[in-house]
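Every chain is numbered from 1, with letters handed out A, B, ... down the list of sequences. As the structure is a prediction and not an experimental result, all values here were calculated from the model.
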Amino acid sequence: MKISFFPLDVLYKVLDDKPVIHLIGKTDKGEKVCLIDRTFQPYFYAEVDNIEVTDKISKLSFEEEGRTIKVVSVKQVKKNVLGQERALIKITCQLPRDIPKVRNAIKDATLNTFEYDIKFTQKYLLDKGITPLNRLEAEVKKVPFNLNIPCFEIQSLEGTDTPLTDLNVLAIDIETYNPLGKRFIPEEHPILMIALYSKKFKKVITWKPFKDNKDVEFVDGEASLLMRFQEIIKQLNPDIITGYYSDGFDFPYIKTRAKHHKIKLKLGVDGSELTVRDEKANIWGIPHIDIIKFIRRVMGRTLDTDSFSLDDVASEILNEKKHDVDLDNLAEVWDNDPEKLSTFAKYNLQDAKLTFKLMETIFPNIVEMVKITNLTPYEVNQKGFSQLVEAFIIKQTKNFNELILNKPGHNEVMGRQTTRFQGAFVFEPKPGLYDDIVIFDFRSLYPTIITSHNISPGALNCECCKDKANQNPDNKDIWFCTNKPGFISQILEELVRRRMRIKELLKQNPEDVLLKARVGTLKLLSNSFYGYLGFFGARWYCLECAETVTSLGRHYIKKVIDEASNNGFQIIYSDTDSIFITLDGKPKESALKLVDNINTELPELMELEYEGHYPRGIFVSAKQGAYGAKKRYALLNEKNKLKVTGFEAVRRNVSPIAKQTQEAVLRIVLEKKDKDKALNYVKDVLDDLKEKKIKNEDVIIHTRLSKELDEYDAIGPHVAVAKRMKSKGVDVGAGTRVSYVITEVAGIIRDKARLPEELKQGEYDAEYYINNQVIPAVEKIFEVLGFKKEDITSDHKQENLNKFFK
DNA sequence: GAGCATCGGGG
DNA sequence: GTGTACGATGCTC
């Protein structure tokens, strides 16, 4: 029979001493099924220098742990290594786990071995041309099975480009009993509620009854709760199960509680138990996606927030927040006032709902990454950039008959890690205020350098280009072929061009979510190539490539700086791929013309773009940090929107009042162009602090303990406060969040720190907040305006006579 | 300043 | 098990 099928995950089991591929997915009718394939055998490649060795390998057979491990077959093959053809032998074995053993047995007899550590399932998908989530047309035969879903044996199959649309996602979230405060002791403290949220099923399960209980189901205890959880998952049989930090919290907690009750949670489609190891939770046959990982690793850079809490991420992506509920009260309410549990149940369900919606919103991005890397959704979620780039390259090896290069060994990694090379060019800004700033930047600088200059391990120092027409500007001993495109630069060029095409399409359909996700994914991946080439763990590592990329990057940006300077523009700042100039009364058009002129001289794919015009900006001298010059500036665009970069805005140990004052001062300086008003604003804040008009909540400093209390040698204010919490019976330790206020009590800072709830309005130390919080936050800004610290602290206000600004 | 350790997220 | 996440920051010597 024929079947239309969308693979969600691929797994293998060893049955009767044979590897059996299981494709888990759903049919076009929406039914979850498993397709099995018994025909795929594991293999790897070896390079040998004589025919006797090949012959010996083909007859290899040895006993280990009561099993005969043998080579099934050997075949002569031709493969390219970075464009050069090589003769190899393909060695097929019986089981995936035989591969390392056979490789080890023949290692001394071979020159080299390849592709011995590529996952069996990944190889299967690539060799069969299957892309997860894309529809397959398969000829199958129904077979008996012992899974919870029907099983079909594959007779033949064909991939298509049609993606899965209707996905059945289940989001889960737990609330736990934490009587002492903020620490988690899963061995002792039970799960109180579990929320489950999918398109058709929204419910909180808990084990204490209360009246206001819409969407709540009651069971008689924690053990029953876990059993009910298992039952619902079996019944719903979701395509994907998701949570927020569920690899690190929810599932490990669930697992520990199940163990406590001696329950085996058989969540897998094959009846296997939920497994948790290395902060990864696995359910056989139901991909578990801890959505925080993809958000942090893949989307992190493009988000404004630098906190990845559910609340902050949901606010930014969904424009929706968690319920404002004080979880510190949950244990108390649970013990003594169950009627109030309703609030917590609603909170619980809201968290699951937010997680569900995040998955819905982000799934198009996961789909795009799956398509481009050929990894499963589960794998895409687990991997970082270098691994995603590598998966993409591995996929491309098919089209070029290229061999997958080996991972570096331990020593090689160590060597690579200690190798340093020169990075990007940075033009230090002179601190000050500037009018009419124009920014240019290169569109995808590094990817276009790689493609335009054929920067590729296979094109490095070729024999045919000894004239060195395409060399590293800073190192004559490095050059790249101008005759034949290298494998890496070629596949990157395809990526860059594809992105340009889709960007055009997006211009015509700006609201198309899929196109947006596609452009975003292509951009992320292309931008990661440079980093990949210089990444110590990369299979296609190429130090000469990476250092040539930055060298050419410096060369191009300096060229722009020179041209701008020759045309009479003042350069105020430049970093890697961008340059800031001032117009100094010249029309905007003259800057645009400069951009056009430069573009006529650049290689085809490279392009300098006019990023924008900012009527006003301030550059502040950077503190001497570990990484040298930090970029710190604030710009005001033509729509009066403030763009702040590098100010220590959201540091944890900074109070709200310091942050608020900094932002207000920047606004006054840039928008109102009034330095005296800015100064007076700060003076007002200082007065309000002295007069205790600033609300307590604005002077609370939030921080977190990094180790156990008794491990601290240096007792900072947060440690002192944690000790106070402990003496009140709160269980504190590594990870506890501590909030405190510095009060007027005599002594050193740590003696002055108090818990916010111990204080009445105004019981804070104004002097401390003035000198250690507010002033440091604005000092550098006023330095630029020509004021000293004393001008801020002195009592008398600016009379505002001689305006600083024209 | 390099090298090692911990953290994030979660109640 | 065709193995050992990841990238940033803080702490220690």
Next on the checklist: When you measure from the side chain of A:Asn348 to the backbone of A:Asp173, do you find a donor-acceptor pair of N or O atoms at a distance under 3.5 Å?
Outcome noted: yes
Checklist entry - Contact class for A:Asp98 (heavy atom, under 4.0 Å): base, sugar-phosphate, or nothing? => result nothing
Checklist entry - Taking only residues at least two apart or on different chains, which pairs with a member in residues 523-533 of chain A satisfy side chain to side chain donor-acceptor pair (under 3.5 Å)? => result A:Glu390-A:Tyr532
Checklist entry - For A:Arg97 and C:dT2, what is the distance between atoms CZ and C1' respectively, to the nearest whole Å? => result 13 Å
Checklist entry - Using a cut-off of less than 4.0 Å, is there contact between a side-chain N or O of A:Tyr12 and OP1 or OP2 of C:dT2? => result yes
Checklist entry - Atom NZ of A:Lys322 and atom C1' of B:dG11: how far apart are they, to the nearest Å? => result 9 Å
Checklist entry - What nucleic acid atoms does A:Leu327 come within less than 4.0 Å of, heavy atoms only: base, sugar-phosphate, or nothing? => result base
Checklist entry - Once you round it to whole Å, what is the distance between P of B:dC7 and NE2 of A:His718? => result 12 Å
Checklist entry - Of all residues at least two apart in sequence or in a different chain, which pass the side chain to side chain donor-acceptor pair (under 3.5 Å) check with A:Gln422? => result A:Arg554
Next on the checklist: Mind checking if A:Asn329 touches a base, just sugar-phosphate, or nothing, with heavy atoms under 4.0 Å?
Outcome noted: nothing
Checklist entry - Just how far, in rounded Å, is C1' of C:dG1 from CZ of A:Arg103? => result 14 Å
Checklist entry - Taking atom C1' in both B:dA5 and C:dA5, what distance in whole Å separates the two? => result 16 Å
Close N/O contacts between protein and nucleotides 4-6 of chain C (under 3.5 Å):
from: C:dA5; atom 1: N3; to: A:Arg297; atom 2: NH2; distance (Å): 2.6
from: C:dC6; atom 1: OP1; to: A:Gln387; atom 2: NE2; distance (Å): 2.8

Item to check | All ring pair (Phe, Tyr, Trp, His ring centres under 6.0 Å) counterparts of A:Tyr116, not counting sequence neighbours | outcome: none
Next on the checklist: Check this for me: does any side-chain nitrogen of one of A:Asp311 and A:Lys321 sit under 4.0 Å from a carboxylate oxygen of the other?
Outcome noted: yes
Item to check | ring pair (Phe, Tyr, Trp, His ring centres under 6.0 Å) against A:Tyr347, all qualifying residues, sequence neighbours excluded | outcome: none
Checklist entry - A:Phe120 near the nucleic acid: base, sugar-phosphate alone, or nothing, with a heavy-atom cut-off under 4.0 Å? => result base
Next on the checklist: Determine whether a donor-acceptor pair (one donor, one acceptor, N or O, separation below 3.5 Å) exists between the side chain of A:Asp328 and the base of B:dG11.
Outcome noted: yes
Checklist entry - So what does A:Leu310 touch, heavy atoms closer than 4.0 Å: a base, only the sugar-phosphate, or nothing? => result sugar-phosphate
Next on the checklist: Under 4.0 Å, heavy atoms only, any strand: does A:Tyr177 hit a base, just the sugar-phosphate, or nothing?
Outcome noted: nothing
Per-pair distances, 0.1 Å, donor-acceptor, side chain in residues 93-102 of chain A, under 3.5 Å, sequence neighbours excluded:
from: A:Gln94; atom 1: NE2; to: A:Asp17; atom 2: O; distance (Å): 3.2
from: A:Asp98; atom 1: OD1; to: A:Arg67; atom 2: NH1; distance (Å): 3.1
from: A:Asp98; atom 1: OD1; to: A:Arg67; atom 2: NH2; distance (Å): 3.3
from: A:Asp98; atom 1: OD2; to: A:Arg67; atom 2: NH2; distance (Å): 2.9
from: A:Asp98; atom 1: OD2; to: A:Leu95; atom 2: N; distance (Å): 3.2

